[in-house]
There are 2 protein chains.
Amino acid sequence: MITDAILKFVPFSPDELNDILSHFEKEYVQKNQLLLKEGQVCNKLHFVEQGIGRSYYLKKEGKEVTQWFFGDGNFMSSVDSFFQENPSFYYMEILEDSILYSITKVKMDLLLAKYHKMEKFIRLLSIEMFSKIIHKLNAVQFQTAKERYDYMLTEFPDISHRVSLGYIASYLGMTQETLSRTRKND
Amino acid sequence: MITDAILKFVPFSPDELNDILSHFEKEYVQKNQLLLKEGQVCNKLHFVEQGIGRSYYLKKEGKEVTQWFFGDGNFMSSVDSFFQENPSFYYMEILEDSILYSITKVKMDLLLAKYHKMEKFIRLLSIEMFSKIIHKLNAVQFQTAKERYDYMLTEFPDISHRVSLGYIASYLGMTQETLSRTRKND
DNA sequence: TTTACTTTTTGATATAGGTCAAAAGGAAAC
DNA sequence: GTTTCCTTTTGACCTATATCAAAAAGTAAA
């Protein structure tokens, strides 16, 4: 599955692909485990082979705000922390027992330097994430609670029923109560 | 100035840099001119040597919503349209008489294929934009009108006084009236 | 310097969604 | 099958911001 996720962007040869995959490590991570805390520099990029993760941050009052969900078949990381080596603004958490393929920053840098095509792959991946974030921004900034929930259903069709209401509500920028009421009236 | 903006990310040699710059074209664009309409595929990436641009879209009711401002020293494009060759969701407009350096998609692809470091440059540029968008998202999603305006002042210190109130208000996801009142009470 | 046009401010009122509190429903633990 | 704990729903009330409308200020054109 990670193979498809990579080849979708760039046609690596079988040899190249094997080399790349050999830099990833398979990890079994349990529910509720933190991959990263706020303030740490994120030194791994993960691929969610199976499971769900999320990134979130804490508001001053201590409330958690979900920033993104990462379902099966997606790369998961605190992207700007990973690539720019800044302290992460986010926590990264696994929400279901999951299988990940993870690569360290050091190994990623080796691959980026070794393969021109690897740079291209990461460029295209970054641009795809960029698109998705913009899509969310437009949904969240100008739409009603109902429309925001509809956006959620299309962006994360599978995830919407696997994570708790509170996480989704904060992802969409509304309270749990509002989401509950919104859902009820269809 | 475009030189600095490129070297900031990747240390190209003088020869490489000259080659790259030779693919850009200097353009003088007048106030209120559109660089791109919604639905078109964006086939240019611009660098704002001097001036201001913005991207915006129309809501169903026809209201303009500013999506981003591009001030001096920044690259300007409907990024996902340019790189993924999708129809753009946005209009791109110049707000002041401006000087741009522009490169076509075809030429950009040549450079990306020719130089490994060019891929790296665009990757880093993409990630930087990604970071900025996330920053906006956090500001817009959970902050009060006052806090959003403060975010604007830090993200675009120079621009805040050069563009009309209505553009800024829609950028921040509030009405013009609210922004006017917010500004007044400091 | 008057006229016309655009942008910003001010005022009055309406509303979506927030807040606080408690009840109901589910899932796991004993 | 209770008990405990956590999540979701419901209810009553409140507030920030939207909306609608008009006045004021600013800018450009004649």
Side-chain angles (χ1 to χ4, degrees), chain A residues 30-34 52 54 56 58-66 69 93-97 136-153 156 159-186, chain B residues 30-33 52 54 56-66 69 93-97 136-153 156 159-186:
Chain A
Q30 287 191 333
K31 188 174 169 169
N32 296 327
Q33 212 169 303
L34 281 182
I52 300 185
R54 66 162 182 150
Y56 68 94
L58 297 180
K59 290 214 284 181
K60 316 117 209 169
E61 329 93 76
K63 276 189 200 156
E64 291 181 2
V65 174
T66 298
F69 293 107
E93 183 186 25
I94 290 297
L95 300 177
E96 287 181 355
D97 292 359
K136 174 183 175 182
L137 181 60
N138 293 330
V140 156
Q141 191 170 11
F142 288 103
Q143 303 192 336
T144 61
K146 171 77 171 69
E147 291 171 317
R148 279 181 264 172
Y149 185 58
D150 290 343
Y151 150 78
M152 173 80 196
L153 292 179
F156 301 107
I159 289 179
S160 312
H161 304 286
R162 282 155 72 191
V163 304
S164 82
L165 190 80
Y167 292 169
I168 296 177
S170 75
Y171 174 78
L172 295 176
M174 65 183 79
T175 61
Q176 191 166 292
E177 293 92 327
T178 297
L179 179 55
S180 172
R181 285 186 252 258
T182 299
R183 234 186 200 175
K184 197 182 170 194
N185 317 320
D186 292 358
Chain B
Q30 287 193 331
K31 187 172 170 172
N32 297 325
Q33 211 170 305
I52 299 185
R54 66 162 183 153
Y56 68 94
Y57 64 94
L58 296 180
K59 291 214 284 182
K60 316 115 209 167
E61 330 93 73
K63 275 190 201 155
E64 290 182 2
V65 174
T66 298
F69 293 106
E93 183 187 24
I94 290 298
L95 300 178
E96 286 180 355
D97 292 358
K136 174 182 175 181
L137 182 60
N138 293 330
V140 156
Q141 192 170 12
F142 287 102
Q143 303 191 336
T144 61
K146 172 75 171 68
E147 290 170 317
R148 277 181 265 170
Y149 185 58
D150 291 344
Y151 149 78
M152 173 81 196
L153 292 179
F156 300 106
I159 290 180
S160 313
H161 304 286
R162 282 157 69 192
V163 304
S164 82
L165 190 81
Y167 292 170
I168 297 178
S170 76
Y171 174 78
L172 295 176
M174 64 183 78
T175 61
Q176 191 167 292
E177 293 92 329
T178 296
L179 179 54
S180 172
R181 286 186 252 257
T182 299
R183 236 185 199 175
K184 195 182 171 192
N185 315 320
D186 292 358

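Every chain is numbered from 1, with letters handed out A, B, ... down the list of sequences.
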Atom-pair distance ([atom1] on [X]; [atom2] on [N]), nearest Å:
| X | N | atom1 | atom2 | answer |
| --- | --- | --- | --- | --- |
| Q176(A) | dA21(C) | CD | P | 16 Å |
| F142(A) | dA16(C) | CZ | C1' | 16 Å |
| L165(B) | dG26(D) | CG | C1' | 13 Å |
| Q143(A) | dT17(D) | CD | C1' | 18 Å |
| Q141(A) | dA18(D) | CD | P | 11 Å |
| N32(A) | dC6(D) | CG | P | 12 Å |
| L172(A) | dG18(C) | CG | C1' | 16 Å |
| M174(A) | dT9(D) | CE | P | 13 Å |

Go through [options] for me and flag the one nearest to the [X] side chain.
| X | options | result |
| --- | --- | --- |
| A145(B) | dT10(C), dT17(D), dG17(C) | dT17(D) |
| E177(B) | dC20(D), dT8(D), dT8(C) | dC20(D) |
| K63(B) | dT8(C), dT19(D), dT8(D) | dT19(D) |

Side-chain (R54(A)) to main-chain (Y167(A)) donor-acceptor, under 3.5 angstrom = no
Short question: side chain of S170(A), backbone of T66(A) - any donor-acceptor pair under 3.5 Å?
-> yes
State, with a plain yes or no, whether a side-chain heavy atom of F156(A) is found less than 4.5 Å away from one of R162(A).
->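 The answer is no, as the side chains (C-beta and beyond) never meet within the 4.5 Å cut-off.
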State whether [X] places a side-chain N or O below 4.0 Å from either non-bridging phosphate oxygen (OP1 or OP2) of [N].
| X | N | answer |
| --- | --- | --- |
| S180(A) | dT9(D) | yes |
| K184(A) | dT10(D) | yes |
| R148(B) | dA16(D) | no |
| T178(B) | dA18(D) | yes |
| T175(A) | dG18(C) | yes |

Between K59(B) and E147(A), is there a salt bridge with N-O shorter than 4.0 Å?
-> no
Can you check whether any acceptor in the base of dG18(C) is under 3.5 Å from a donor in the side chain of R181(A), or vice versa?
->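 No, the side chain and the base share no sub-3.5 Å donor-acceptor pair.
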May I ask you to verify whether the side chain of R183(B) and the base of dT10(C) hold a donor-acceptor pair under 3.5 Å?
-> no
If you round to the nearest 0.5 Å, how far is OH of Y149(A) from CG of L172(A)?
->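 One gets 9.0 Å once the value is rounded to the nearest 0.5 Å.
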